[in-house]
A.B. asks: 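Below you will find the structure I want to go over with you.
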Amino acid sequence: MTIEKMKNRVREMITDKRYEHTLGVEYTACCLAYRYGADPIKARIAAVLHDCAKYVPHARMVEECEEAGCPVSDSERKNPALLHAKLGAVYAEKYFGIRDPEILSAILWHTTGKPDMSLLDKIIYIADYIEPNRDKSPILAQVRKEAFHDIDRCLILIMEGMMNYLTRQNDLMDPMTKNAYDYYRTAD
Ligand code: FE
Ligand code: FE
C-alpha cells in the first residue's frame, strides 16, 4: 500500500485535529530521519500509523489487544488510553499490511518509550512530542532544538518533562515510562 493510501485510510479512523497532528509527526519524523540517517520512508509510515487506534473505545481496545495475543498489563487496564500504541501496532499489521518489525516497534513504543530504543523508536517518540501543532509543553523550544543536536539528550529532556508532569497531575504512570527514563538517565 502506498503512503498516500495509508494516509487516506487513517484519515477516516481519527479526528481532523488528530490527522493534522499525524501529518506534523510525519514530516518531523522525516526531517529527523535525514538528520540521523534513518530510513525516511519507514519513519513516515510509522508516523502516519502511530495514532490510528487512538479513537477505538477503551473497552474494545482491551478486547482487541487480548484477541491479538498482546498481554494487557494492570497499568494499561487502569489507563486504557495507553493501549492505542499497542493496538496501533496490531492495526498496522492487520489493516495496513506492515510486517517490518522496526516500524511496528516504533508504533508500539511511541507513548511510553522503553529502555534501549532503536533509532526509529526514538525518532517517532520525539516527533510525536515536537511536531508543529504541539504547544503545551513549557520546554518545547529547548526540546525542538535538542532534537536536531543530540537525540539521546533530547529523549531525556522529554522523559524528564513527562515524569514531572505525570507526578504533578498525580496521573497514573505506566511502569515502562519510568523504566525508560531510568535507563536513559543513568546511561547519560
Ligand atoms: Fe499516540
Ligand atoms: Fe501522536
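Side chains are part of it too, since the values below use all heavy atoms of this structure and drop only hydrogens, waters and symmetry mates. Sequence positions, counted from 1, serve as the residue numbers for this chain. Predicted, not measured: the structure shown is a model, and the values here were computed from it. Counting starts at 1 for both ligands and their atoms, following the listed order.
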A.B. asks: Scan residues 157-168 for pairs that pass salt bridge (charged side-chain N to carboxylate O under 4.0 Å, His left out), counting only residues two or more places apart or in two chains.
C.D. replies: none
A.B. asks: Any salt bridge between Glu67 and Arg60, counting N to O under 4.0 Å?
C.D. replies: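 Not counted as a salt bridge, because no side-chain N and carboxylate O are separated by less than 4.0 Å.
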A.B. asks: For the residue pair Ile151 and Lys122, what are the closest heavy atoms and their distance?
C.D. replies: CD1-CB, 4.0 Å
A.B. asks: Within the 4.5 Å heavy-atom criterion, are Asp128 and His50 side-chain neighbours or not?
C.D. replies: yes
A.B. asks: Quick one: side-chain hydrogen bond (donor to acceptor under 3.5 Å, both in side chains) partners of Ser105, sequence neighbours excluded?
C.D. replies: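 By the side-chain hydrogen bond (donor to acceptor under 3.5 Å, both in side chains) rule, Ser105 matches Asp121.
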A.B. asks: Report the protein N/O/S neighbours of the Fe ion (ligand 2) that fall below 2.8 Å; do not count waters.
C.D. replies: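 The answer, once waters are left aside, is His21 NE2, His50 NE2, Asp51 OD2, Asp128 OD1.
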A.B. asks: Could I get the full list of side-chain hydrogen bond (donor to acceptor under 3.5 Å, both in side chains) partners for Asn133, not counting sequence neighbours?
C.D. replies: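 Glu131.
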